[in-house]
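The first residue of the sequence shown is numbered 1, and numbering continues consecutively from there. Counting starts at 1 for both ligands and their atoms, in listed order.
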Amino acid sequence: MSETIFTKIIKREIPANIVHEDDQIIVFHDINPRAPVHLLLVPKKPIPTLADVAEEDLHLITHIHREAQRLAKELNFEGWRMLINVGEKGGQEVFHLHYHLLGWPRE
Ligand code: AMP
């Protein structure tokens, strides 16, 4: 798989507004937000799409969901949405698995 922009962000080769990082994932603000808060939750392992997730990767999926819960609480979201685009026809532009977390904080 050729390197995507998200790998460059993980390696700090290009800047991003990072809100969380651990040994498995990185979370940063989407450059083109489509909600009051729009984050991208990205596993460090460069899995191209959700369709490529294997049994051995399921711990990453669980971790991303747990981190989304934690961030939604920390950022005081009243409502939120998680979205994954899969494949070009599904609207995916960056072929490194990522979850969009769209949040609407309490006023
Ligand atoms: P998708 O269409 O699901 O592949 O989403 C890719 C997302 O990455 C889009 O919402 C873009 O706005 C976002 N994006 C692209 N480049 C960057 C970047 N350098 N920093 C942050 N977000 C980016």
Side-chain angles (χ1 to χ4, degrees):
M1 187 180 128
S2 61
E3 201 166 87
T4 69
I5 198 146
F6 292 170
T7 301
K8 292 188 168 80
I9 288 172
I10 292 163
K11 290 162 126 185
R12 302 294 199 278
E13 290 172 2
I14 61 165
N17 186 353
I18 296 167
V19 298
H20 171 80
E21 182 175 20
D22 58 43
D23 57 330
Q24 299 182 72
I25 67 168
I26 190 164
V27 184
F28 52 88
H29 285 270
D30 195 295
I31 209 165
N32 178 26
R34 275 147 280 165
V37 180
H38 184 169
L39 302 174
L40 298 173
L41 293 89
V42 183
K44 289 185 171 175
K45 182 176 177 182
I47 302 164
T49 82
L50 186 63
D52 301 303
V53 169
E55 191 83 29
E56 72 203 36
D57 302 320
L58 292 180
H59 67 103
L60 292 171
I61 303 302
T62 304
H63 185 54
I64 286 170
H65 282 248
R66 294 294 285 168
E67 189 56 26
Q69 284 182 328
R70 194 191 65 76
L71 284 163
K73 199 170 176 189
E74 182 180 291
L75 299 172
N76 201 26
F77 290 168
E78 185 177 351
W80 46 294
R81 182 183 303 159
M82 288 263 272
L83 174 76
I84 317 167
N85 298 319
V86 185
E88 257 175 61
K89 280 272 183 193
Q92 186 174 3
E93 290 173 4
V94 180
F95 283 77
H96 181 140
L97 177 65
H98 54 282
Y99 282 62
H100 297 258
L101 172 57
L102 304 161
W104 287 264
R106 280 183 191 81
E107 304 272 309

Undergrad: Give the atom numbers and elements of ligand 1 that come within less than 4.0 Å of a heavy atom of Asn32.
TA: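 Counting atoms of ligand 1 from 1, those under 4.0 Å from Asn32 are 12 (O).
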Undergrad: Is there a donor-acceptor pair closer than 3.5 Å between any side-chain N or O of Gln92 and the backbone N or O of Pro48?
TA: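 Yes.
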Undergrad: Hey, is Phe28 touching ligand 1 through its side chain, its backbone, both or neither, going by heavy atoms under 4.0 Å?
TA: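 The answer is the side chain of Phe28.
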Undergrad: Is there side-chain contact between Ile26 and Phe6, with at least one heavy-atom pair below 4.5 Å?
TA: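 Heavy-atom side-chain distance check fails, nothing below 4.5 Å.
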Undergrad: Within ligand 1, which atoms have a heavy atom of Asn85 less than 4.0 Å away?
TA: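 Counting from 1, the qualifying ligand atoms are 1 (P), 2 (O), 3 (O).
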Undergrad: Please say whether more than 12 non-hydrogen atoms of neighbouring residues, nucleotides or ligands are located less than 6.0 Å from CZ in Arg66.
TA: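 At most 12 heavy atoms, drawn from other residues, nucleotides or ligands, come within 6.0 Å of this atom.
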Undergrad: Hey, does Ile31 come in under 3.5 Å of ligand 1, counting only N/O atoms on both sides?
TA: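 Yes - when backbone and side-chain N and O of Ile31 are compared with those of ligand 1, one distance drops under 3.5 Å.
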Undergrad: Distance to 0.1 Å, residue and atom name: give those for the protein heavy atom nearest to atom 10 (O) of ligand 1.
TA: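 Result for atom 10 (O) of ligand 1: Arg34 NH2, 2.2 Å.
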Undergrad: Looking at every heavy atom in both Ile25 and Pro43, which two are closest together, and how far apart are they?
TA: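 In terms of heavy atoms, the two residues are closest at CG2-CA, 4.0 Å.
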Undergrad: With heavy-atom distances below 4.0 Å as the criterion, list the atoms of ligand 1 near His98.
TA: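 In order of numbering, the contacting atoms are 1 (P), 3 (O), 4 (O), 5 (O), 6 (C).
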Undergrad: To which of Asn17, Thr4, Val94, Asp30 does the heavy atom nearest atom 12 (O) of ligand 1 belong?
TA: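 Shortest heavy-atom distance from atom 12 (O) of ligand 1: Asp30.
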Undergrad: May I ask whether Gly91 places a heavy atom under 4.0 Å from ligand 1?
TA: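 Gly91 counts as a contact of ligand 1 under the 4.0 Å cut-off.
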Undergrad: To check you understand the geometry: which heavy-atom pair defines the closest contact between Asp52 and Asp57, and what is its length?
TA: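 So the two residues come closest at O-OD2, 4.1 Å.
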Undergrad: Using heavy atoms and a threshold below 4.0 Å, how should the contact between Leu40 and ligand 1 be classified: side chain, backbone, both, or neither?
TA: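 Within the 4.0 Å criterion, Leu40 contacts ligand 1 through side-chain atoms alone.
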Undergrad: Looking at side-chain heavy atoms only, is the closest gap between Leu60 and Leu97 below 4.5 Å?
TA: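 Of all side-chain heavy-atom pairs linking Leu97 with Leu60, none is under 4.5 Å.
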Undergrad: With a cut-off of 4.0 Å, which atoms of ligand 1 are near a heavy atom of His29?
TA: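 Answer for ligand 1: 21 (C).
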Undergrad: Using the benzene-type ring in the case of Trp, are the ring centres of His100 and His98 under 6.0 Å apart?
TA: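 Centroid separation for His100 and His98: below 6.0 Å.
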Undergrad: Is Phe6 near ligand 1, meaning one of its heavy atoms is under 4.0 Å from it?
TA: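 Contact present.
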Undergrad: For Arg81, I'd like to know if atom CZ has over 12 heavy atoms of other residues, nucleotides or ligands within 6.0 Å.
TA: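 For Arg81, atom CZ is not crowded (no more than 12 foreign heavy atoms under 6.0 Å).
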Undergrad: Would Glu93 count as a polar contact of ligand 1, with the cut-off being nitrogen or oxygen pairs under 3.5 Å?
TA: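 Yes; the residue has a nitrogen or oxygen that sits under 3.5 Å from a nitrogen or oxygen of the ligand.
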